[in-house]
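Keep in mind that the numbers below use all heavy atoms, side chains included, and drop hydrogens, waters and symmetry copies.
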Amino acid sequence: MIRTLVITLIAVALLSGCGILGKEFDETEGWSANELYNKAARELDAANYKRAIELYKKLEARYPFGRYAMQGQLDIAYAYYKGDEPEQAIAAADRFIKLYPQNPFVDYAYYLKGIVNYNRSIGFLDRFVPIDTAQRDPGSALDAFNDFAELVRLYPDSKYAADARQRMLHLRNNLAEGELHVARYYMERGAYVAAVARAQYVVERFQRTTAVEDALELMAQGYQRLGKEDLATDARRVLVMNREAGRFISDDPEPGEVSLARRVWDYLSLDEN
């Protein structure tokens, strides 16, 4: 009887030991929201984005409410952005906007979405080899334009609004140039009707962009090759008139590098707790 009891106790001990050994060690177990947030913030500042994301996820799972969780949800969007995970960054920003639409720093989330889409089409080679941005897929450019437009519409006095407006002008120019690339493609292949239609679309939809001048020239060429001299003359007349008025001169500088900071909620002083 005693022998059976001893064997049973040993078996239980062994099974318990296996359970302990099989359990993955988690140094953050038992950490407070304060500790989790501050550690995640330090990892993010040190550019350890993967580790920062893991910690922010733990923070949200364990402490889904309160100021730490709210700031953490905004920080994780920034961490995804810096870690070259654009889809996750946009999803996190969208989630913050949905959960905290009245937050005084929700404009940051809209701006972050725009910046992510603004940069997401730039691939690895683009960072070293100059590439005409107008020849890229316009999908992300359109998304970025809409993100910035929403920011400017909802928060015209935001500290990010001026940069958003500048980027919108740059994006419009690129989108117009993209349409011109298509129009030139049609011209080279003798599809003059399609070429003229694309060029006319640029003139009508992208006014006050540098692409309008080339679009009018292309329209004149296309109409001439179609044998429509009257329309070709009209296009040249409009072209000359706008040139003389100086309407094709653009002084808008290309947007510079983004110095987007993580810490936007200084008034909470979370890092000091």
Side-chain angles (χ1 to χ4, degrees), residues 15-120 143-144 146-148 150-155 157-161 163-164 258-273:
L15 288 173
S16 299
C18 289
I20 294 172
L21 291 174
K23 183 179 180 180
E24 184 178 349
F25 175 72
D26 184 355
E27 65 170 338
T28 70
E29 187 172 350
W31 285 15
S32 66
N34 180 317
E35 291 172 311
L36 272 172
Y37 176 81
N38 287 334
K39 177 61 174 176
R42 287 194 294 271
E43 294 289 353
L44 183 53
D45 288 338
N48 299 323
Y49 304 122
K50 185 176 180 180
R51 178 57 176 162
I53 290 168
E54 291 174 357
L55 291 169
Y56 283 126
K57 285 181 176 180
K58 290 179 186 292
L59 172 64
E60 183 179 358
R62 298 177 193 175
Y63 305 99
F65 308 106
R67 58 181 186 170
Y68 290 102
M70 188 161 49
Q71 172 69 72
Q73 287 176 17
L74 196 58
D75 284 357
I76 198 172
Y78 177 81
Y80 279 128
Y81 160 63
K82 296 295 289 183
D84 292 326
E85 297 186 65
E87 293 291 348
Q88 290 85 344
I90 291 172
D94 277 333
R95 187 163 184 267
F96 183 87
I97 291 168
K98 182 178 179 180
L99 289 174
Y100 309 106
Q102 303 303 320
N103 186 277
F105 296 98
V106 72
D107 59 335
Y108 175 93
Y110 282 102
Y111 181 68
L112 179 59
K113 283 181 60 181
I115 291 299
V116 171
N117 278 319
Y118 188 88
N119 293 326
R120 71 188 304 187
D143 289 339
N146 291 333
D147 292 332
F148 290 135
E150 188 75 352
L151 167 64
V152 171
R153 182 182 70 84
L154 294 174
Y155 309 99
D157 299 324
S158 166
K159 67 178 181 179
Y160 306 110
D163 185 73
V258 180
S259 57
L260 189 59
R262 171 188 69 85
R263 198 170 288 117
V264 294
W265 292 11
D266 290 335
Y267 80 98
L268 288 178
S269 302
L270 293 178
D271 292 354
E272 299 172 7
N273 294 336

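- Side-chain atoms of E150 never come within 3.5 Å of backbone atoms of D147 as a donor-acceptor pair (strictly under, hydrogens ignored).
- The pair E54-K58 fails the salt-bridge criterion, with no side-chain N (NZ, NE, NH1 or NH2) lying under 4.0 Å from an Asp/Glu carboxylate O.
- Of all heavy-atom pairs between F96 and M70, the closest is CE1-O, 3.5 Å.
- Note that the CZ atom of R153 and the CG atom of N146 stand 11.5 Å from one another [nearest 0.5 Å].
- Here the shortest heavy-atom pairing between V152 and A164 reads CG2-CB, 4.0 Å.
- In this structure, CD1 on I90 lies 4.0 Å from CG on N117, to the nearest 0.5 angstrom.
- In this structure, A77 and A89 approach most closely via the heavy-atom pair O-CB, 3.5 Å.
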* Residues K98, D94; criterion side-chain contact (heavy atoms from CB on, under 4.5 Å); working and verdict -> CA-CA 6 Å; K98 182 178 179 180; D94 277 333; over 6 Å; no

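- Here the shortest heavy-atom pairing between G114 and A144 reads O-CB, 3.7 Å.
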* Evaluate the criterion side-chain contact (heavy atoms from CB on, under 4.5 Å) for residue pair Y155 and Y110; output intermediate values, then yes/no. => CA-CA 10 Å; Y155 309 99; Y110 282 102; 3.8 Å; yes

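- Taking CZ from R51 and NZ from K39, the interatomic distance works out to 7.0 Å, rounded to the nearest 0.5 Å.
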* side-chain contact (heavy atoms from CB on, under 4.5 Å) assessment of L151 paired with D107 -> CA-CA 6 Å; L151 167 64; D107 59 335; 3.7 Å; yes

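- Expressed to the nearest 0.5 Å, how far OH of Y80 lies from CG of L112 amounts to 13.0 Å.
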* Asked: Are R62 and E35 close enough, and set up right, to give a salt bridge (Lys or Arg N to Asp or Glu O under 4.0 Å), and what steps lead you there?
  -> CA-CA 12 Å; R62 298 177 193 175; E35 291 172 311; over 6 Å; no

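- For the residue pair Y37/D75, the side-chain donor-acceptor check at 3.5 Å is satisfied.
- The NZ atom of K113 sits 15.5 Å away from the OH atom of Y81 when rounded to the nearest 0.5 Å.
- In terms of the side chain to side chain contact (heavy atoms under 4.5 Å, CB included) criterion, residue partners of R95 (sequence neighbours excluded) are, by chain and number, E60, Q73, L99.
- Closest approach of L59 and G72 over heavy atoms only: CD2-CA, 4.4 Å.
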* Asked: Where do I115 and F148 land on the side-chain contact (heavy atoms from CB on, under 4.5 Å) test, with the steps shown first?
  -> CA-CA 9 Å; I115 291 299; F148 290 135; 3.9 Å; yes

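- What you find for L74 and F105 is that their closest heavy atoms are CD2-O, 4.5 Å.
- Put simply, CG on D45 and NZ on K82 are 11.0 Å apart, with the number rounded to the nearest 0.5 Å.
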